[in-house]
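Some notes on the structure that comes next.
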Amino acid sequence: MSPALNGSAEIHRWCRSFPGARAQISEARQFIAGYLGDRCEADTAQLVVSELATNAIRHTRSGLPGGRFGVTLHAGSTLLIVAVHDEGSPTTPHLREADDEDQSGRGLYLVETLSARWGVHGDHAGRTVWALIPFAPADRAV
Ligand SMILES: Nc1ncnc2c1ncn2[C@@H]1O[C@H](COP(=O)(O)OP(=O)(O)OP(=O)(O)O)[C@@H](O)[C@H]1O
Ligand SMILES: [Mg+2]
């Protein structure tokens, strides 16, 4: 647990780069959990990072041999931003029809449901997909 998240009004930012392999998704979840601990937003932030990191690996060059993705967690007094940086692809992140047969197409819908806002910046050479999660001051450690 970071001593930084102790109820102060400061903004904190942590970043880490991960190899673009599926086994690293749980590492990304643990990276988030390590800073948010047992706060109720920790579960939400972990679900979001899971979906975004999975997308980076499945849909971008981050998932190719030698590829990497990055995770940034911003923690302010009233919000969290979870961002995943990828190595780009010809496709763009978009909400799509869920496919009932293979159960796909739900990741970004889940992110949209769990976050106050989400968005994308960058281009085919590399994108950041971010999600904003309200962070109640009352939930912060004292
Ligand atoms: N980081 C990304 N870069 C480029 N395209 C992306 C990225 N993330 C998602 N996409 C595109 O957006 C589509 C929708 O993403 P979403 O996560 O909702 O569904 P999915 O990944 O296809 O399926 P699921 O998440 O349910 O397994 C993807 O099919 C892909 O075409
Ligand atoms: Mg997905």
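Basis for what follows: all heavy atoms, side chains included, without hydrogens, waters or symmetry-related copies. Both counts, for ligands and for their atoms, begin at 1 and track the order of listing.
Ranking protein heavy atoms by distance to atom 5 (N) of ligand 1, first place goes to Thr91 OG1, 2.8 Å. His94 CE1, 3.4 Å is the protein heavy atom nearest to atom 31 (O) of ligand 1.
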All N/O donor-acceptor pairs, side-chain side in residues 114-125, below 3.5 Å, sequence neighbours left out:
from   : atom 1 : to     : atom 2 : distance (Å)
Ser115 : OG     : Val111 : O      : 2.7
Ser115 : OG     : Arg117 : O      : 3.3
Trp118 : NE1    : Glu112 : OE1    : 3.2
Asp123 : OD1    : Ala125 : N      : 2.8

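Across Thr60, Asn55, Leu52, heavy-atom proximity to atom 17 (O) of ligand 1 is greatest for Asn55. Between Arg106, His59, Glu87, Glu97, it is His59 that holds the heavy atom closest to atom 20 (P) of ligand 1.
Under a 4.0 Å criterion applied to the non-hydrogen atoms of Glu51, ligand 1 contributes the atoms 25 (O). Listed by number with element, the atoms of ligand 1 under 4.0 angstrom from any heavy atom of Gly107 are 16 (P), 17 (O), 18 (O), 24 (P), 25 (O), 26 (O). Applying the 4.0 Å criterion to heavy atoms of Ser104 picks out, from ligand 1, the atoms 23 (O), 26 (O).
Residue contacts with ligand 1: Arg96 is placed with a nitrogen or oxygen under 3.5 Å of a nitrogen or oxygen of the ligand (distance criterion only).
Criterion: ILVMFWY side-chain heavy atoms under 4.5 Å apart, direct or through other members. Under it, Tyr35 and Phe135 are part of a common hydrophobic cluster.
Heavy-atom contacts from other residues, nucleotides or ligands closer than 6.0 Å to CZ of Arg106 number more than 12.
Side-chain atoms of Arg127 and Thr92 include no donor-acceptor pair closer than 3.5 Å.
Protein N/O/S atoms found under 2.8 Å from the Mg ion (ligand 2), listed by chain and residue number: Asn55 OD1.
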